[in-house]
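Have a look at the structure below before the remarks.
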Amino acid sequence: MSDDKARRDFLLNLGAGAGVLAIAAQAAASLRSLVPNVSYDAPTTVKLGLPTDFPDGLKFLPDQRLFVFREGKTFHAISAVCTHLGCTVRAEAMSQPEQTTVGGAPMRLTHRFACPCHGSKYTGDGVNVSGPAPKPLSWYELSVAPDDGQLVVDLAHEVAHDFRLTLA
């Protein structure tokens, strides 16, 4: 009789252990389903086009919400996202270009920026001068893609306002 009891206890423990294991596996699978396998975030490194696609002056790229400036063979990129609440700022051409120094380098300002949502205003180098915007517009790093020579912006890498990409 003790062999029957031992066998019954063994089978009962084996069944209980298998049930606990099945519930734990199902719980792990349910928790794993909450973590996505794919990132739906936009890429931070974006090809913008060949340098010859950019005229001297300003070009707005609406998909990236970015202004790319070209002066001869020198380029820089300024965000078009207002630092107040994220509206897209618009560029306003100045009647007379201004010459200024940004980060020790001379810079010709042909535009200024204004936010249509809440009235923030920025100088041509992105510095906030009025309105609720708490900080200047971001500048982003530009580089040249080695495979096809296109301009590449890294929207995750802000740079100082003296950054310039000069092509040879």
| Close side-chain approach of His161 to Pro136, heavy-atom, < 4.5 Å |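 SC-SC contact between His161 and Pro136 confirmed.
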**Prompt:** Can you tell if the side chain of Gln64 reaches within under 4.5 Å of the side chain of Leu48, non-hydrogen atoms only?
**Reply:**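 Contact flag for Gln64/Leu48 side chains = yes.
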Can you tell me if the gamma sulfurs of Cys117 and Cys87 fall under 2.5 Å?
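Answer is yes, sulfur atoms closer than 2.5 Å.
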Taking all non-hydrogen atoms of both residues, which atom of [X] and which atom of [Y] are closest, and how far apart?
X: Ser79; Y: Phe67; value: O-CD1, 4.1 Å
X: Arg70; Y: Pro51; value: NH1-O, 3.2 Å
X: Pro132; Y: His118; value: CD-O, 3.5 Å

**Asked** side-chain hydrogen bond (donor to acceptor under 3.5 Å, both in side chains) with Thr74: which residues, sequence neighbours excluded?
**Response**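 Thr74 satisfies side-chain hydrogen bond (donor to acceptor under 3.5 Å, both in side chains) with Thr166 once adjacent residues are dropped.
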Counting only N and O atoms by type, is there a donor-acceptor contact under 3.5 Å from the side chain of [X] to the main-chain atoms of [Y]?
X: Asn13; Y: Phe10; value: no
X: Arg65; Y: Phe60; value: no
X: Asn128; Y: Ala133; value: yes
X: Arg8; Y: Asp3; value: no

Residue list, side chain to side chain contact (heavy atoms under 4.5 Å, CB included) with [X], at least two apart or on another chain:
X: Lys47; value: Ala145, Asp147, Asp148, Gln150, Val152
X: Glu71; value: Arg108
X: Asp125; value: Val102, Met107, Leu109, Thr123, Val127, Trp139

* So how far is it from Leu142 CG to His157 NE2, rounded to the nearest 0.5 Å? ->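 Separation between the atoms: 12.0 Å.
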If I take atom OG1 from residue Thr110 and atom CD from residue Gln96, how far apart are they, to the nearest 0.5 angstrom?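 With rounding to 0.5 Å, OG1 (Thr110) is 12.0 Å from CD (Gln96).
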Is there a continuous path of hydrophobic side-chain contacts, each under 4.5 Å between heavy atoms, that joins [X] to [Y]?
X: Val68; Y: Leu167; value: yes
X: Leu50; Y: Val153; value: no
X: Leu155; Y: Val81; value: no

Notebook entry, point to check: Do Tyr140 and Phe163 have ring centres separated by under 6.0 Å?
Noted result: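 No, the ring of Tyr140 stays outside the 6.0 Å limit from the ring of Phe163, centre to centre.
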Full working for side-chain contact (heavy atoms from CB on, under 4.5 Å) between Leu151 and Leu165:
CA-CA 10 Å; Leu151 285 179; Leu165 172 68; 3.6 Å; yes
- Query: Excluding sequence neighbours, so at least two apart, what forms ring pair (Phe, Tyr, Trp, His ring centres under 6.0 Å) with Phe69?
  - Reply: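 With neighbours one apart ignored, the set is His76.
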Q) Residues two or more places apart in sequence or in another chain: which of them pass salt bridge (Lys or Arg N to Asp or Glu O under 4.0 Å) with Glu92? A)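 Glu92: salt bridge (Lys or Arg N to Asp or Glu O under 4.0 Å) contacts with Arg90, Arg112.
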request  = Kindly indicate, with the supporting measurements, whether the criterion side-chain contact (heavy atoms from CB on, under 4.5 Å) is fulfilled by Ile78 and Leu66.
outcome  = CA-CA 6 Å; Ile78 299 178; Leu66 188 71; over 6 Å; no
Requested in this report: Give a yes-or-no answer on whether the side chains of Tyr122 and Thr83 include a donor-acceptor pair shorter than 3.5 Å.
Outcome: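 Note: Tyr122 and Thr83 side chains meet the donor-acceptor criterion.
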